[in-house]
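Numbers restart at 1 for each chain; the letters A, B, ... are given by sequence-line order, proteins then strands. What you see below is based on every heavy atom in this structure, not just the backbone, and it leaves out hydrogens, waters and symmetry mates. Everything numeric in this text was worked out from a predicted model, so none of it was measured.
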Amino acid sequence: MTKPVRVRFAPSPTGGLHLGGVRTVLYNYLFARQHGGQFILRIEDTDQTRFVPGAEDYIFNCLAWCGLVPDESVQRPGAVGPYRQSERKEMYHQYAHRLVEQGDAYYAFDTPAELEQMRERFKTAENPSPTYNQHTRQHMRNSLHMELEAARELIAEGTPYVVRIKMPDDETIRFTDMIRGEVSFHSSQVDDKVLLKADGMPTYHLAVVVDDYLMQITHAFRGEEWLSSAPVHLRLWQQLGWTDHMPQWAHLPLIMGPDGAKLSKRHGNKYGFPIFAMNWTDPVKNEFTEGFRERGFLPEAFVNLLALLGWNDGSGQEIMTLDEMVSRFSMERVHSAGAQFDFEKAKWYNHEWIKRSSAQRLLPDVKAVLQQRGLQPTATDEQLASIIDLVKERCTLLPDFYEQLAYFFAAPARIDLDSISGKWNEQKTLFFAELIRSYELLPYWQSTDLEHSFKEIAAANHLKPGELMLPFRIMLVGGKFGPGVFDIAQHIGQADTIGRIRLTLGLLGPAH
RNA sequence: GGCUCGUUGGUCAAUCGGCUAAGACGCCUCCCUUUCACGGAGGAAUGACGGGUUCGAUUCCCGUACGGGCUACCA
């Protein structure tokens, strides 16, 4: 009997949730669903200085929008809570002190200034950024140079201290990454990371190990930026005696911006396309960053494009539902190299999803777009749905529906007269006058009938219908776009169609 | 600088030693459509470099180059 699969996503509530984060959630989610396991959301809020109010709710909102709701979280607690690390603060202490007791960690009393001095002192051209490691720790104020009792006295007196891991001098630390295979590090190259901070909070390194253990995580997926600290975590799992429970690791390739560097939250606005799932306004800096949702992406498309950025099943199929992804996903087929994000391709995914979505599916989103732009369509949902079907293949992003739909409900604000006035003549004026008379008498207002009369009158006047359809379109739509002109006329209705013809005829003037 | 991961068209990528190197996005041409799109047909464009291993390397190994990540009492 193998252990039930449990995976987790562990964001820190410090700002917007970006593409890489959502993709990590997605891969976790797919893996959990595929294996009938649990997907846990843990809030890593151990850095009180970076805490941003609202960020946690925002993360939940993003996940809800994406349809990737965790099985266990602060909102839906399971048996291994609390799910916020700040609320687990005390739990980490015993383990930190246990490590000190065992000699695998030590107390350090160095002030920030002293650390700075150390870095200055050991800085050379070859080593521009010295770390707290097996060499430098000998020169620092820590419990390695004193009896443990003495150190504890200092602590009892209230001396600020941290707990640092004591990395071994000469050991090779290796593990198997589900994506990269065998990865190895030499312990002498790894610094003595802080485990417990002076404020009593654990650092990520301690917290991630303790929590993954306590929460019985079986597979730990995270971004590649964590790879270099993996040996610290491996060491901790080992020294805490939990090796048998250690999750399988997978370090996900990074998503890069067009500049080839890791997407950064900090520069959410510099790319010209969103990088956050949803709109995010930093309450401290009062800085606004646009999200994919508000840009007009369907969550189905967003999740789809993210899944295929760094993973594919080899079939060549690119458009997939979440269910399809669940059954086809495999961590072994995730790329090891980072991928540049291409917004053009992202738009293509959305376009495909809009084309394939039913009008019913699109209806609420389209209504929201119209309402946002101040358009209150005087149409039933059925009418609106049939118009959506008419125009959806022309819409890449949700807001495109406004341009494609507006003229169905109101005469176009601008009419592209230039496109018709050049070839305008008296004959055409007469044609449209006759068309109006004919349309006024039509017993049924159906696009096929409209087209039939149109062509009949054109033939009677020895005019080619083709030369007249563009002007007709511009009268109704205002420009050169939109679906078939007789379909448009049918939806606009008799009165408005005739009204718009008259209107443009008037603008063209009698001079012609 | 050190450590570490990576490197197939502009971008996403298939290939698990047999390649005349898929497919998709984007771009270009044509067809359909006297609008815009959709759809269809076609085109330009790729294995970083140098060594090995092998009958045979894009695929395996080693160097080099280049790129990313990390190098905080941040995650």
Under 4.0 angstrom, heavy atoms only, what part of the nucleic acid is A/M256 near: base, sugar-phosphate, or nothing? sugar-phosphate
Considering every strand shown, what is the Watson-Crick or G-U wobble mate of B/C27 when both distances are under 3.5 Å? B/G43
With rounding to the closest Å, how many angstrom separate the C1' atoms on B/C32 and B/G68? 46 Å
Among B/G2, B/G10, B/A75, find the nucleotide with the atom closest to the side chain of A/S12. B/A75
Side-chain N or O of A/T46 versus OP1/OP2 of B/A75: is the shortest distance under 4.0 Å? yes
For the residue pair A/R373 and A/Y402, would you count it as a cation-pi contact if the rule is NZ or CZ under 6.0 angstrom from the ring centre and within 45 degrees of the ring axis? yes
Charged N to carboxylate O below 4.0 Å: is that the case for A/R235 and A/E171? yes
Name the nucleic acid region contacted by A/S419, choosing base, sugar-phosphate or nothing; use a 4.0 angstrom heavy-atom cut-off, strictly under. nothing
Mapping A/G482 and A/E182 onto RNA chain B by nearest heavy atom, which one lands closer to the 5' end? A/E182
For B/C38, does OP1 or OP2 lie under 4.0 Å from any side-chain N or O of A/R394? no
Identify which nucleotide among B/U35, B/C5, B/G26 has an atom closest to any side-chain atom of A/R473, counting heavy atoms from C-beta outward. B/U35
Please report, rounded to the nearest Å, how far the P atom of B/U71 is from the CE atom of A/M167. 15 Å
Atom CG of A/D416 and atom P of B/U34 are separated, to the nearest Å, by 19 Å
note: A/L306, atom CG; B/U11, atom P; distance rounded to Å ~ 19 Å
Position toward the 5' end of RNA chain B (nearest nucleotide), A/G466 or A/N127: A/N127
What nucleic acid atoms does A/F341 come within less than 4.0 Å of, heavy atoms only: base, sugar-phosphate, or nothing? nothing
Among B/U71, B/G26, B/C38, which nucleotide sits nearest the side chain of A/H351? B/C38
Is A/E467 paired with A/K423 through a side-chain N to carboxylate O contact shorter than 4.0 Å? no
Electrostatic pair A/D212-A/R42, nearest N-O below 4.0 angstrom: yes
Write down the partner of B/U64 under the Watson-Crick or G-U wobble criteria, each distance required to be under 3.5 Å. B/A48
Under 4.0 Å, counting only non-hydrogen atoms across every strand here, what does A/P11 touch: a base, just sugar-phosphate, or nothing? nothing
Can you figure out which of B/A37, B/U11, B/A14 approaches the side chain of A/R333 most closely? B/A14
Side-chain N,O (A/N312) to OP1/OP2 (B/A14) below 4.0 Å: yes
Between A/Y27 and A/F329, is the gap from one ring center to the other below 6.0 Å? yes
Atom CG of A/L308 to atom P of B/U11: distance rounded to whole Å? 18 Å
Is A/R137 paired with A/D192 through a side-chain N to carboxylate O contact shorter than 4.0 Å? yes
B/C31 and B/A14: how far apart are their P atoms, nearest whole angstrom? 36 Å
Base partner of B/C16, which must satisfy Watson-Crick or wobble distances under 3.5 Å: none
Whole Å only: how far is the CD atom of A/E114 from the P atom of B/A72? 17 Å
Separation between the P atoms of B/G6 and B/U59, rounded to whole Å: 15 Å
Testing B/C38, B/U11, B/A75 for proximity to the side chain of A/K355, the answer is B/C38
Distance, C1' atom - from B/A44 to B/U7, rounded to whole angstrom: 24 Å
Less than 4.0 angstrom between a side-chain N/O of A/K480 and OP1 or OP2 of B/U34, yes or no? no
Verify the distance criterion only: is there a donor paired with an acceptor across the side chains of A/H97 and A/Y107 at less than 3.5 Å? yes
Determine the interatomic distance between P on B/G52 and the same-named atom on B/C30; round to the nearest Å. 50 Å
Could you check whether A/K193 pairs with A/D191 (Lys NZ or Arg NE/NH1/NH2 to Asp/Glu carboxylate O, under 4.0 Å)? yes
Counting only distance, no hydrogens or angles, is the base of B/A24 paired donor-acceptor with the side chain of A/K345 under 3.5 Å? yes
Which listed nucleotide (B/U34, B/A13, B/C5) is nearest to the side chain of A/M469? B/U34
For A/Q189, answer base if it contacts any base atom (sugar-phosphate contacts may also be present), sugar-phosphate if it contacts only those atoms, and nothing otherwise; contact means non-hydrogen atoms under 4.0 Å. sugar-phosphate
To the nearest Å, give me how far apart NZ (A/K193) and P (B/A72) are. 6 Å
Which part of the nucleic acid does A/T131 contact within heavy-atom distance under 4.0 Å: base, sugar-phosphate only, or nothing? sugar-phosphate
Regarding A/K345 and A/E318, does a basic nitrogen lie under 4.0 Å from an acidic carboxylate oxygen? yes
Among B/G69, B/G68, B/C73, find the nucleotide with the atom closest to the side chain of A/E224. B/G68
Under 4.0 Å, counting only non-hydrogen atoms across every strand here, what does A/G310 touch: a base, just sugar-phosphate, or nothing? sugar-phosphate
Taking atom P in both B/A65 and B/C49, compute the distance separating them and give it to the nearest angstrom. 16 Å
side-chain N/O A/H335 vs B/U7 OP1/OP2, d < 4.0 Å: no
Of all the nucleotides listed (B/C36, B/U71, B/C73), which has the minimum atom distance to the side chain of A/R119? B/C73
Rounded to whole Å, how long is the line connecting atom CD of A/E467 with atom C1' of B/U35? 15 Å
For the NZ atom on A/K355, are there more than 12 heavy atoms of other groups (residues, nucleotides or ligands in this structure) within a distance under 6.0 Å? yes
Determine the contact category for A/D191: base if any of its heavy atoms lies under 4.0 Å from a base atom, sugar-phosphate if only primed atoms, P, OP1 or OP2 are that close, otherwise nothing. nothing
Name the nucleic acid region contacted by A/V477, choosing base, sugar-phosphate or nothing; use a 4.0 angstrom heavy-atom cut-off, strictly under. nothing
Is the distance from OP1 or OP2 of B/A75 to the nearest side-chain N or O of A/K197 less than 4.0 Å? yes
With rounding to whole Å, what would you report as the distance between B/G40 and B/A21 at their P atoms? 25 Å
What integer distance in Å separates A/R356:CZ from B/C38:P? 13 Å
Of B/C73, B/C70, B/G68, the nucleotide closest to the side chain of A/E225 is B/C70
Using Watson-Crick or G-U wobble geometry with both distances below 3.5 Å, tell me the partner of B/A72, or none. none
Kindly point out which of B/C5, B/C25, B/C73 is positioned nearest to the side chain of A/A198? B/C73
Given the C1' atoms of B/U15 and B/C74, what is the spacing between them in whole Å? 41 Å
